[in-house]
Number of protein chains: 4
Amino acid sequence: MPRQPSATPRKQPKQERSQATVEAILSATTHILTENGYDQLTTNRVAEQAGVSIGSLYQYFPNKEALVFALAEHHANEMVQLAQYHLEGLSVGEASLQANRTIPEVLRQIVKAAVAAHAVNPKLHRVLHEQIPHREVMQRLDEAKMENLLRAFLAQRSDQLQPKNLELTVFVVERTVRALIHGAMIDRPELLKTGEFEQELIAMLSAYLVKK
Amino acid sequence: MPRQPSATPRKQPKQERSQATVEAILSATTHILTENGYDQLTTNRVAEQAGVSIGSLYQYFPNKEALVFALAEHHANEMVQLAQYHLEGLSVGEASLQANRTIPEVLRQIVKAAVAAHAVNPKLHRVLHEQIPHREVMQRLDEAKMENLLRAFLAQRSDQLQPKNLELTVFVVERTVRALIHGAMIDRPELLKTGEFEQELIAMLSAYLVKK
Amino acid sequence: MPRQPSATPRKQPKQERSQATVEAILSATTHILTENGYDQLTTNRVAEQAGVSIGSLYQYFPNKEALVFALAEHHANEMVQLAQYHLEGLSVGEASLQANRTIPEVLRQIVKAAVAAHAVNPKLHRVLHEQIPHREVMQRLDEAKMENLLRAFLAQRSDQLQPKNLELTVFVVERTVRALIHGAMIDRPELLKTGEFEQELIAMLSAYLVKK
Amino acid sequence: MPRQPSATPRKQPKQERSQATVEAILSATTHILTENGYDQLTTNRVAEQAGVSIGSLYQYFPNKEALVFALAEHHANEMVQLAQYHLEGLSVGEASLQANRTIPEVLRQIVKAAVAAHAVNPKLHRVLHEQIPHREVMQRLDEAKMENLLRAFLAQRSDQLQPKNLELTVFVVERTVRALIHGAMIDRPELLKTGEFEQELIAMLSAYLVKK
DNA sequence: AATGAATGAGGCTTCATTCAT
DNA sequence: AATGAATGAAGCCTCATTCAT
């Protein structure tokens with residue numbers, strides 16, 4: 001486990017004023033990261049861009065790492081929230097709603113959700129994944145929740161599935177969806193213009209999962 | 001400049017020594033990177049670890065980035081070489097050799113090759129992918145050759161394939177193979193112990209590619 | 001401003017609270033100083049430890065130096081008070097009380113008083129003497145009073161003394177007593193367990209002072 | 001034991017040039033310390049005053065503390081060297097040379113040596129003792145050697161001594177000599193102008209030590 | 001009287017790189 | 001070709017102090 005403490009926010013803003021300060025700092029961080037890249041990100045520059053003193057920055061973030069971590073966490077949360085919105089009706093408890101939907105239909109929804117999630121702030125997403133050292137910590141941020149959702153879904157349909165090893169299947173599907181959408185977003189954004197790419201991905205997953 | 005007379009088969013001392021120096025530097029870089037991580041990698045430390053003066057380091061590498069790039073390139077070359085060894089008989093020209101092999105059989109060979117390639121120096125591979133900023137440059141290193149190989153193979157079998165858009169298919173397959181093997185290597189090394197994971201991957205790709 | 005009528009003997013709430021605040025601040029300072037050392041002493045940390053806002057701290061102490069000075073003064077006063085308690089009957093005015101006591105007897109009392117004074121808060125005493133920069137100011141705190149007491153005593157007995165230069169003698173005796181007791185307290189606390197060390201000190205001073 | 005490593009010089013200068021650099025740095029440190037005091041001592045200012053880049057400073061001293069420590073050590077060594085020069089003929093092995101000298105004569109030599117040692121660089125000595133935090137480390141520098149010398153001498157003459165507990169006597173004498181001379185040097189430099197102060201000190205020690 | 005958010009000068013230190021020897 | 005001393009811009013961060021609320 002990495003030295004979490006140092007990456008943890010320093011104090012909870014109690015007054016309204018400080019909430020604005022924190023937001024200004026995070027906005028400035030995002031701006032510099034997306035416009036100038038990680039190696040232009042200095043705490044002094046963030047403070048300046050935020051219109052805040054460097055001291056204020058350090059009142060809320062113990063160090064530079066914490067700043068980036070907070071941003072990554074916030075970004076991951078936004079992605080997950082949007083994904084969840086797109087996945088409504090897919091949650092385990094509501095069997096009736098999805099009982100009559102085919103696996104490819106559900107996969108379609110999952111892929112749509114993943115695409116939507118990756119569209120939150122692609123520029124930031126890219127920088128976060130390409131330029132930040134020590135991303136081990138952040139890697140996990142979005143991963144876990146997706147896996148849980150997927151595991152629940154696959155477990156429910158296990159009798160209709162070709163693969164037998166649930167954990168392995170979860171890993172394969174989650175990584176495939178994420179890698180392809182992330183890769184397309186970053187390296188071939190034009191692929192996402194038409195629905196063809198998504199169709200192809202859904203086709204592959206369906207062909208793999210559905211028992212013939 | 002005339003070539004050395006055949007009576008002096010030994011290489012020029014200069015070149016020999018230089019070669020040793022460069023190798024020492026790259027070894028030291030690898031060592032620090034894998035044992036201590038990218039943020040411990042300083043040019044002075046590399047020189048010290050290599051038993052070479054900092055001045056000598058700069059005689060062979062114009063800057064720190066070049067050092068890491070050379071290492072990444074070297075690593076990528078090793079991966080590709082190993083992959084090629086595993087892919088012998090699959091090259092386009094030798095149609096006869098593979099004509100009678102099924103697509104799943106060929107996919108199996110490709111996956112094996114990718115696994116072998118990723119086993120070259122996993123620790124270094126991980127660091128190179130997780131800790132180096134500006135990985136855009138390196139990303140391309142291994143990618144291109146794999147894609148070419150794959151494109152040639154898929155083109156040859158296009159009549160047996162389900163997907164119609166070749167470029168898209170190449171992208172999907174290449175990314176899937178790489179993401180899953182890389183991800184397993186890094187995050188779930190135990191998955192590679194048994195053949196089950198590879199089987200699953202081959203199953204998915206086959207289900208996707210083969211026309212029913 | 002008129003004094004409070006006798007019908008309201010209780011102190012003004014304001015003063016009471018202020019007093020408590022000041023005490024909390026000084027306690028916190030002592031605590032941090034003895035437990036963590038001078039370089040961990042920051043005004044913000046003192047305020048936090050005291051359960052008081054940083055603003056309040058600055059209401060009572062104009063700056064950090066004043067904080068430490070107040071503490072040092074307080075400590076010095078406590079030392080002097082305790083010393084005076086042990087020196088009762090030695091004061092100049094009461095000649096009759098001590099007239100029939102030998103010089104070694106009086107020296108014994110002085111040494112006892114000094115030891116008692118140094119036992120007030122040895123941890124704090126040590127920190128105050130070892131870690132505070134600019135101790136010139138504080139140095140004088142305990143010194144002056146001791147010297148006065150000693151000068152009066154020695155002047156009274158000047159006819160029984162070997163040394164002729166009073167000022168010099170005062171200096172020699174005061175420094176010797178203080179240095180040895182302070183040094184023992186700090187570096188050889190075990191020496192103070194038995195009475196041997198004190199005996200030795202008294203023996204030296206007696207041998208020096210008493211005319212043979 | 002305090003974190004020695006960090007206070008230890010960083011590398012041995014191998015070339016002549018670097019020796020000069022180190023000396024310039026130490027000179028500058030001394031100068032700032034004596035002329036401006038410890039709280040004006042910043043590493044950047046030292047470098048500037050030394051006519052050296054800040055980088056060079058950090059090539060030889062890992063941190064600010066090490067800088068001061070090196071200076072203190074150097075100063076202590078100079079003091080001890082000078083003291084030893086004044087104590088020639090007093091060393092244990094050369095019994096014949098001192099056999100016929102009285103204890104007061106030897107004490108006189110010791111006191112002279114201590115005075116000479118303290119005269120090395122009084123301004124620096126003062127600052128080192130008054131303004132440097134964490135002086136625990138430095139305290140010991142001069143102390144140990146003096147104690148050894150004294151112990152050897154007193155052991156040799158034990159049959160002529162009044163006090164019986166050798167260790168205690170060593171402590172008492174060493175501290176007394178040091179405290180008085182140091183105190184005089186710092187607070188009453190005029191006392192050292194005439195020989196009276198030294199006489200008095202010798203008188204006290206003689207009266208204490210010599211068996212009657 | 002109290003609060004605590006905000007300030008910002010300035011300290012320490014690193015490290016890629018140069019260049020005289 | 002090699003050495004390693006020297007450079008210095010620039011980064012991170014602390015902390016005494018102020019002041020609006």
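Reminder, nothing fancy here: chain letters follow the sequence lines and each chain counts from 1.
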d(CD, D:Glu48; P, F:dT7) in whole Å: 13 Å

Test applied, side chain to side chain contact (heavy atoms under 4.5 Å, CB included); reference residue, A:Leu57; option that passes from A:Asn44, A:Thr29, A:Ile25: A:Ile25

Distance in angstrom units between D:Tyr38 OH and E:dG11 C1', rounded: 12 Å

Separation of atom CG in C:Asp39 from atom P in E:dC12, rounded to whole Å: 13 Å

Any C:Thr43 side-chain heavy atom under 4.5 Å of C:Phe61 side chain: no

Rounded interatomic separation in angstrom, taking CD from A:Gln19 and P from E:dG4: 16 Å

Nearest-Å distance for atom pair CG/P, residues A:Leu67 and F:dG11: 15 Å

Whole angstrom value for the distance that separates P of F:dC13 from CG of A:Leu57: 10 Å

Any A:Tyr60 side-chain heavy atom under 4.5 Å of A:Leu67 side chain: no

Within-4.5 Å side-chain heavy-atom neighbours: A:Ile186 and A:His129: no

Below 3.5 Å between N/O atoms, which protein atoms pair up with nucleotides 16-18 of chain F? Just atom names and distances, please.
unit_1	atom_1	unit_2	atom_2	d
F:dA16	OP1	C:Lys64	NZ	2.9
F:dA16	OP2	C:Thr43	N	2.7
F:dA16	OP2	C:Thr43	OG1	3.1
F:dA16	N7	C:Asn44	ND2	3.3
F:dT17	OP2	C:Tyr58	OH	3.1
F:dT17	OP2	C:Lys64	N	3.0

Side chain proximity check, B:Val52 to B:Val46, heavy atoms < 4.5 angstrom: no

Runs of at least three Watson-Crick or G-U pairs with DNA chain F, cut-off 3.5 Å: E:2-21 with F:2-21

Short side-chain N/O contact from D:Thr21 to OP1 or OP2 of F:dA6, under 4.0 Å: yes

Residue pair C:Thr30, C:Leu71: steps toward the side chain to side chain contact (heavy atoms under 4.5 Å, CB included) verdict: CA-CA 7 Å; C:Thr30 302; C:Leu71 195 63; 3.2 Å; yes

Separation of atom CZ in C:Phe61 from atom P in E:dA2, rounded to whole Å: 13 Å

Residues in salt bridge (charged side-chain N to carboxylate O under 4.0 Å, His left out) contact with A:Glu35, at least two apart in sequence or another chain: A:Lys123

Nearest-nucleotide comparison on DNA chain E, the residue closer to the 5′ end among D:Ser56 and A:Ser53: A:Ser53

Nearest non-hydrogen partners of C:Tyr38 and C:Gln131, listed with the distance: N-OE1, 2.7 Å

Student check: side-chain heavy atoms of B:Ile32 and B:Arg45 closer than 4.5 Å: yes

